[in-house]
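FYI, side chains are in, hydrogens and waters are out, and symmetry mates aren't considered; it's all heavy atoms of this structure. Please read these numbers as outputs of a predicted model, since none were measured by experiment.
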Amino acid sequence: MSSSSSRSSAPVVVWFRDDQRLTDNPALEHAVGTGHPLVCVYVHDPQPRTTRPPGAAVRWWLHESLRELDAALTAMGGGLVLLQGPEQQAIEAFAASIGAAAVCWNRRYSPAQRETDAAIKAALKDRGIAVPTFNGHLLREPWTVATREGQPFQVFGAYWRAARRDYSPEPPRPAPEHIDFFPLPDAARALATDLPALALQPRTPDWAGGLRASWQCGEQAGLRRLQAFLSQTLAGYAGGRDMPAQRATSRLSPYLRFGNLSVRQVWYAALSAAQAGRGDPSAARIAGADLDKFLDELGWREFSYYLLYHFAPLHQVNFKRQFDAMPWRADPQALDAWRRGRTGYPLVDAGMRELWHTGWMHNRVRMAAASFLIKHLLIDWRVGEAWFWDTLVDADEASNPASWQWVAGSGADAAPYFRIFNPVLQGQKFDPQGDYVRRWVPELARLPDAAIHAPWLARPAQLAAASFQPGNDYPLPVVDHQDARARALAAMDGLRGRAAAV
Ligand code: FAD
């Protein structure tokens, strides 16, 4: 469709999904470029039948992010139209009510989303409505990277080398300077709803106080976070990123999840910060290793989407099918202790409480907490994945299940099953002064550094000095590390025998 189209005054719909920003938004840029007046919409389906319903923390962020997007569009003379209901029904009815010439969107990658999008595209085309679609979420589309034999990669290193070879992502595009908004006719207005009606925020009880205190949502906040990361934290990222007490990672994950920032913006901004730093002696020194490590992490995000596209349903099915025979345990008490941060292992508990309070958890601790559930408690990784899905503000359909399967050992290019994190040693190594644990498990704060990761082993003098009683002030370990390790290895050995037999 072009601006010379005979239906030049017919509106073009921009359907926002996980691309809630004005900058570097290819669908929006295309729509503005057509010269047609625009209508910007978001569809919320409260009971999706095929796609995965968002978790509670994601719904909280979504509310805030939609509010910000609406404010940005309102400042440009228009606003965001909110629709509620099954996506196909809502978009088709709305497009028909305004006589749309086109509906544009940035693509999604789970099989269910792709099916939905394909059905909507076909239905709109049947009505004579054009449907241009774009990549606004990834550096590379998953189908553009393959082995020499044309098969999808299953190992991160090989995938990432191929994805980066001879390729640099398109530079990010600026936000439009001006948008010509289409005035909604009454029939279309009647289909729209308002943000409170979407009921995305918790009411009784309102548990989101910690989230509100921890985050500012939306595009502008994302841009500020990105700038702060580049100027303060990228230098030293490679060394500091594993230390949860330091704010040494970007905390950009929820902004990337909702597309408040595009991954291309982040990619290019990191490259330019590293280049600018080289010519500016006063700037913090961003070592090559800091930049490479950070870009590799964006690569893990890409790889997760790649797996989602080629091998879903990632959150339901073991990538390595021999894990189907894993003798998972049901242990409601231990599961409850894990969820509430009361396992008796301080690093795990600190992480689970950080998650509950802020909707985010440091990556190193995510690995330790997930490993603890799967290997120490022998609880199915899907149970833990579902809890993270509900409580993380960055929970996404690709990175969450792919990471859980990575930790379980059932995933593509996963950590070997026999590598069982010792939660005490993990704490001593990555939180040597116990600052992270003290912050999130305050009942341990008075223990000395030497005892903080294994309070049940503290000497009587240390306990007395801290007026601390293990088992009373803080739970004893729900499981003994050595016993749990032996049990997990035995379960794994059973799988190996099965794999050999297949
Ligand atoms: P940084 O270290 O600053 O990394 C920059 C960006 O790279 C992140 O914002 C994220 O988009 C991406 N990234 C970093 N590490 C990974 C990774 N291992 N896998 C995929 N992408 C990565 N990340 C999510 O975005 N959503 C999830 O639902 C999610 N669930 C996870 C569950 C488990 C059990 C584990 C072990 C990891 C999970 N991760 C998830 C990956 C990772 O923990 C987070 O992306 C990271 O902690 C976010 O913090 P950051 O933005 O400061 O990361």
Side-chain angles (χ1 to χ4, degrees), residues 18 106-114 134-172 237-238 241-242 249-250 252-253 256-257 259 261-268 270-271 274 288-323 363-364 366-367 370 381 385 394-417 419 499:
D18 291 335
N106 294 312
R107 290 188 275 273
R108 308 186 283 194
Y109 298 93
S110 80
Q113 290 170 329
R114 278 158 46 212
F134 304 88
N135 171 15
H137 203 60
L138 298 176
L139 296 168
R140 294 202 65 167
E141 300 278 28
W143 55 88
T144 64
V145 186
T147 64
R148 264 196 219 109
E149 295 72 37
Q151 296 303 313
F153 285 100
Q154 302 194 15
V155 174
F156 173 72
Y159 160 78
W160 193 224
R161 273 192 300 281
R164 290 196 65 177
R165 196 176 301 133
D166 304 328
Y167 177 77
S168 49
E170 295 270 310
Y237 176 82
R241 61 181 288 273
D242 269 326
T249 67
S250 71
L252 288 172
S253 49
L256 287 166
R257 154 71 181 80
L261 294 175
S262 80
V263 65
R264 288 197 307 224
Q265 278 174 290
V266 175
W267 179 273
Y268 270 87
L271 284 175
D290 294 329
L291 180 67
D292 286 347
K293 195 73 205 142
F294 181 68
L295 298 182
D296 280 355
E297 295 312 312
L298 296 179
W300 276 102
R301 175 180 180 274
E302 291 280 306
F303 187 52
S304 301
Y305 276 94
Y306 185 82
L307 296 175
L308 178 71
Y309 178 85
H310 288 292
F311 302 108
L314 284 186
H315 71 289
Q316 287 167 332
V317 177
N318 289 304
F319 185 87
K320 293 189 178 124
R321 294 308 297 262
Q322 67 263 37
F323 275 76
N363 180 61
R364 169 57 50 184
R366 289 188 201 202
M367 289 196 283
W381 63 264
E385 198 273 346
D394 64 23
D396 81 49
E397 289 209 54
S399 303
N400 197 42
S403 301
W404 272 93
Q405 292 224 40
W406 186 89
V407 176
S410 65
D413 197 12
Y417 188 88
R419 190 183 296 157

**Message:** Testing the basics here: between Arg257 and Ala395, what is the closest heavy-atom pair and its distance to 0.1 Å?
**Reply:** NE-O, 2.7 Å

**Leu256 side, atom CG; Leu138 side, atom CG - distance, nearest 0.5 Å** = 10.5 Å

**Message:** Pair Gln405, Asn318 - check side chain to side chain contact (heavy atoms under 4.5 Å, CB included), show working.
**Reply:** CA-CA 7 Å; Gln405 292 224 40; Asn318 289 304; 4.2 Å; yes

**Asked** Mind checking what makes side chain to side chain contact (heavy atoms under 4.5 Å, CB included) contact with Ala112, not counting sequence neighbours?
**Response** Thr50, Thr51, Ser110

**Request:** Rounded to the nearest 0.5 Å, what's the gap from CH2 on Trp300 to CG on Asn363? Could you check?
**Result:** 10.5 Å

**Item:** Closest non-hydrogen atom pair, Phe323 against Ser410
**Value:** CG-CB, 3.5 Å

**Message:** Just to verify, what does Phe134 make a ring pair (Phe, Tyr, Trp, His ring centres under 6.0 Å) with, not counting sequence neighbours?
**Reply:** His30

**Separation of Glu302 CD from Leu295 CG (nearest 0.5 Å)** = 11.0 Å

**Item:** For Asp292, side-chain hydrogen bond (donor to acceptor under 3.5 Å, both in side chains) partners two or more places apart
**Value:** none

**Asked** Restricting to pairs with a member in residues 139-160, which pass salt bridge (Lys or Arg N to Asp or Glu O under 4.0 Å), not counting sequence neighbours?
**Response** Arg107-Glu141

**Item:** OH-OG distance between Tyr237 and Ser250, expressed to the nearest 0.5 angstrom
**Value:** 6.5 Å

**Request:** Taking salt bridge (Lys or Arg N to Asp or Glu O under 4.0 Å) as the test, write out the residues that go with Glu385, two or more places apart.
**Result:** Arg52

**Message:** Taking side-chain hydrogen bond (donor to acceptor under 3.5 Å, both in side chains) as the definition, give me every residue that meets it alongside Asp396, ordered by chain and number, with sequence neighbours left out.
**Reply:** Ser399

Result block: side-chain N/O donor-acceptor pairs under 3.5 angstrom for residues 306-315, not counting sequence neighbours:
residue, atom, partner, partner atom, Å
Tyr306, OH, Val145, O, 2.7
Tyr306, OH, Phe153, N, 2.9
His310, NE2, Pro142, O, 3.2

**Item:** Nearest heavy-atom neighbours spanning Gln265 and Pro172
**Value:** CG-CB, 3.9 Å

**Request:** Taking salt bridge (Lys or Arg N to Asp or Glu O under 4.0 Å) as the test, write out the residues that go with Asp242, two or more places apart.
**Result:** Arg364

**Request:** Describe, in one word, how the ring planes of Phe303 and Tyr159 are oriented to each other, choosing from parallel (under 30°), tilted (30 to 60°) and perpendicular (over 60°).
**Result:** tilted

**Message:** Return the CH2 to OG distance between Trp267 and Ser262, rounded to the nearest 0.5 Å.
**Reply:** 12.5 Å

**Fill in**
Here the pair of heavy atoms bringing Trp160 nearest to Asp296 is NE1-OD1, 3.0 Å

**Prompt:** With sequence neighbours left out, what residues match Glu297 under side-chain hydrogen bond (donor to acceptor under 3.5 Å, both in side chains)?
**Reply:** Arg241

**Message:** Please list all pairs meeting salt bridge (Lys or Arg N to Asp or Glu O under 4.0 Å) that have one or both residues in residues 152-162, counting only residues at least two apart or in different chains.
**Reply:** none

**Message:** Tell me the closest heavy-atom pair linking Ala408 and Trp381, and the distance in Å.
**Reply:** CB-CD1, 3.8 Å

**Message:** Using every non-hydrogen atom in the two residues, find where Leu291 and Ala270 come nearest and quote the distance to one decimal.
**Reply:** CD1-O, 3.6 Å

**Asked** More than 12 non-hydrogen atoms from neighbouring residues, nucleotides or ligands closer than 6.0 Å to CZ on Arg114, yes or no?
**Response** yes

**Request:** Could you list the residues that satisfy salt bridge (Lys or Arg N to Asp or Glu O under 4.0 Å) with Arg301, not counting sequence neighbours?
**Result:** none

**Fill in**
To the nearest 0.5 Å, atom CZ of Arg366 lies from atom CG of Asn400 at 8.0 Å

**Prompt:** Just by distance, with hydrogens left out, do Tyr109 and His137 show a side-chain donor and acceptor under 3.5 Å apart?
**Reply:** no

**Residue list, side-chain hydrogen bond (donor to acceptor under 3.5 Å, both in side chains) with Glu170, at least two apart or on another chain** = none

**Asked** Any donor-acceptor pair under 3.5 Å linking the side chain of Asp290 with the backbone of Ala238?
**Response** yes

